[in-house]
Amino acid sequence: MAALFWADQKAEEITQRKKFRYIDREISSFEHFVVKTSASISGVLHIGRLSDTIRGESVVRALRDAGYEAELIWVAEDMDPLRKIPEGVPRELEEYIGTPVSATPDPWGCHSSYAEHHVASYFEVMEEFIEVKPEKYSMREEYRRGSFRPFIKKLLENLELVIEIQNKYRSKPLEKGWSPFTPVCKSCGKIITPRVERFEEGKVYYRCQDYAFEKHVAKGCGYEGIADPLRDEGKLMWKSEWAAQWARWHVASEGAGKEYVVPGSAWWVNAEICERVLDFPMPVPIFYEHLMIDGQKMSASLGNVVYPHEWLRVAPPQLLRFLYNKKLMKTRSFSWRELPKLYDEYDHVARVYYGLESVDNEKEAEHLRRLYEMSQIGEPQPALPLPFSHAAMVAQLFASREAVISSLKRSGHYSPELEEELLKRVAYAKEWVERYAPEMKLSLLDKVEEVKEKLTPEQRQFLRSLWEWLSQDERSGEEIQEKIFLLAKEVNLSAAKAFGAVYLATLGTARGPRAGPFLASLDREWLLARLREVTRTS
RNA sequence: GGGCCCGUAGCUCAGUCUGGUUAGAGCAUCGGCCUUUUAAGCCGAGAGUCGCGGGUUCAAAUCCCGUCGGGCCCGCCA
């Protein structure tokens, strides 16, 4: 049967394809498959950036599960220039705009460069979300070691073809003297400012000039120089470098945002260069949709950026994998408010995985089981019999570990072998309510008018008796709990209606936490006043 | 100009690639049960022109063509 899960389908495509796309040639068989994921090091890692890595890693796992040798590689694009000063980064760095991030100093002083600083924390976080650990590379190191030299040589030897391919996708042809190699200024060290004036006899002649980014201007120093592309004096341009990376690492597949699907995008220009100039078949693209936050793009200016450490405060990494692995080409919108829904869905899929719940459509069930498997890191997580929303309530009512456990036992959400997992979920839920769901906080109702009308005469009578009994003496939670049943019986009210009256009068809701302990935890004066007020007949 | 995704119950979606029993789930709603697990659990109900129009087929949410609506992206920076 053909694969149902997207990553398995990709694996099939990767291993079964036969021909190059742009030239009429057979693809010689790969002995092992490399999936690449990379990141520019301009700023801090947010969960959107994990998408590429998680999805690439899923494909590696799918390839391995299909019996092939596969590995994940992660490349730091640390030869790229610093383009802007991200939030939280000292402004003094502004003078380094246009300098490769690997040559920009670490403003915090703890690493050898700005790039090193971010790469270090990047790994730490990234590896919490993946099972297959990637081999790591740095473009700075690659150029230094000369790994790209053969490819640069080939590109320059076939310069006319490279230009022809690029021009196919341009309305304005490249200027004469253009080169796919862009030098680092020998004088000031910037990479964005050297403007190539001509490419002659294998050398790039440049002059260092101002370069305007969207918001910043990288100051050029005016230096005029000559760079040798075959020495470590610069880097390839984006359209050529990507192709060279594919050929250098024998990349069989790589993730890319859906903006690259568009014909003529950098992906396809590189793909054609890769095949026609570098004789290497273009990788199978893993185009994916981007994650949206509350239906909007994640961006610093909107202030909705979600960082991994924030995610990990309220949910395990498996849940983010789950979100990303559900579907490849469908926009996923995440919202803190709807986190419980994501948990519910995850729990449902877990139950299907463990055979605790069935799904009519067997194809769908199989898909869900695979999805669950792919969302895991190491040992699959057990299916937890505790809905997140319930965990959120328990988390607010009970502070101590023992109190939480005994509440879970009472409500039937407990299982001794899952104790640690359950407590972890309660802890996640507590953080979630605190930070993202203030409306979920148990809050007492201020105004009683509309609530009074909803109460039946029997319910009022019941509340009156409860008030009388409570006002006689201090009562414990369990005493109250028992008394409610007795009083309800006296006025011939069902237990459900009696409890309903209690919640309506205090919270304004139809339901609430276990009534006895809840009422006992309230301010006694407030409670007595409230009960008297709602039962007053006037 | 071009490309991608989505449109299925009040809401969020699954099912579409690989066509096949009366189209599913969760949540929400409504009803019932519970004298001690009352934001829980159990039982049940209502609720859908599968965006619209054509075509292919014994059979279409599913394939093909067209069309409308919503979202996102590319136009030569990386």
K.L.:
B:rC34 phosphate, OP1 or OP2: any side-chain N/O from A:K497 under 4.0 angstrom?
P.N.:
no
K.L.:
Reckon A:A495 touches a base, only the sugar-phosphate, or nothing at all at heavy-atom distances under 4.0 Å?
P.N.:
base
K.L.:
Nearest to the side chain of A:P263 - B:rC77, B:rG3, B:rU38?
P.N.:
B:rG3
K.L.:
Pick the closest RNA chain B nucleotide for A:H348 and for A:V261 by heavy atoms, then say which residue is nearer the 5' end.
P.N.:
A:V261
K.L.:
With heavy atoms under 4.0 Å as the rule, sort A:H413 into base, sugar-phosphate or nothing.
P.N.:
sugar-phosphate
K.L.:
Over all strands shown, is A:K327 touching base, sugar-phosphate only, or nothing at heavy-atom distances under 4.0 angstrom?
P.N.:
sugar-phosphate
K.L.:
Does the structure show a Watson-Crick or G-U wobble partner for B:rG24, both distances under 3.5 Å? Name it, or say none.
P.N.:
B:rC13
K.L.:
Please report the distance separating the C1' of B:rU12 from the corresponding atom of B:rA47, rounded so that it comes out in whole Å.
P.N.:
16 Å
K.L.:
Salt-bridged, A:E373 to A:R370, with N to O below 4.0 Å?
P.N.:
yes
K.L.:
How far, in whole Å, is B:rA14 from B:rG31 if one measures between their P atoms?
P.N.:
31 Å
K.L.:
Is B:rA60 paired to anything, Watson-Crick or G-U wobble with both distances less than 3.5 Å, and if yes, which nucleotide?
P.N.:
none
K.L.:
Using atom P of each nucleotide, how far apart are B:rU62 and B:rC50 to the nearest Å?
P.N.:
9 Å
K.L.:
Hey, do the aromatic rings of A:Y372 and A:F322 have their centres closer than 6.0 Å?
P.N.:
no
K.L.:
What interatomic distance, in whole Å, is found between C1' of B:rG48 and the corresponding atom of B:rC5?
P.N.:
23 Å
K.L.:
Hey, which of these two, A:R83 or A:K483, hits RNA chain B nearer its 5' end, going by closest nucleotide?
P.N.:
A:K483
K.L.:
Is A:E259 touching bases, backbone alone, or none of the nucleic acid, heavy atoms closer than 4.0 Å?
P.N.:
sugar-phosphate
K.L.:
In whole angstrom, give me the gap between the P atoms of B:rC27 and B:rC43.
P.N.:
12 Å
K.L.:
If the C1' atom of B:rA60 is compared with that of B:rG55, how far apart are they to the nearest Å?
P.N.:
11 Å
K.L.:
Can A:E13 and A:K10 be counted as an ion pair, charged N to O under 4.0 angstrom?
P.N.:
yes
K.L.:
Tell me what A:Q166 touches on the nucleic acid: a base, only sugar-phosphate, or nothing, going by heavy atoms under 4.0 Å.
P.N.:
nothing
K.L.:
Indicate, with yes or no, if the rings of A:W267 and A:W246 have centres closer together than 6.0 Å.
P.N.:
yes
K.L.:
What is the distance from atom CZ of A:F388 to atom CG of A:D344, rounded to the nearest 0.5 Å?
P.N.:
9.5 Å
K.L.:
Report the nucleotide, chosen from B:rU37, B:rU18, B:rG71, that has the shortest atom-to-atom distance to any side-chain atom of A:K363.
P.N.:
B:rU18
K.L.:
Measuring centre to centre across the rings, with the benzene-like ring taken for any Trp, is A:W336 within less than 6.0 Å of A:Y436?
P.N.:
yes
K.L.:
Both distances below 3.5 Å, Watson-Crick or wobble geometry, any strand: find the nucleotide opposite B:rG53.
P.N.:
B:rC65
K.L.:
C1' atom, B:rG46 versus B:rG10: distance in rounded Å?
P.N.:
12 Å
K.L.:
When you check the phosphate oxygens OP1 and OP2 of B:rU38, does a side-chain N or O of A:Q481 lie under 4.0 Å from one of them?
P.N.:
yes
K.L.:
What's the closest nucleotide to the side chain of A:E364 if the choices are B:rG15, B:rU18, B:rU35?
P.N.:
B:rG15
K.L.:
Do A:K258 and B:rC72 have a side chain to base donor-acceptor pair shorter than 3.5 Å?
P.N.:
yes
K.L.:
Taking pairing as Watson-Crick or G-U wobble with both contacts under 3.5 Å, can you name the mate of B:rG1, or confirm there isn't one?
P.N.:
B:rC74
K.L.:
Describe the nucleic acid contact of A:Y211 in one word from base, sugar-phosphate, nothing, applying a heavy-atom distance below 4.0 Å.
P.N.:
sugar-phosphate
K.L.:
Going by ring centres under 5.5 Å and near-parallel planes (under 30°), is A:Y503 stacked on B:rU38?
P.N.:
no
K.L.:
Which part of the nucleic acid, if any, lies within reach of A:K409 when heavy atoms closer than 4.0 Å are counted: base, sugar-phosphate only, or nothing?
P.N.:
nothing
K.L.:
Find the distance between OH (A:Y428) and CG (A:L423) and round it off to the nearest 0.5 Å.
P.N.:
12.5 Å
K.L.:
Distance check, C1' atoms only: B:rA61 and B:rG7, in whole angstrom units.
P.N.:
12 Å
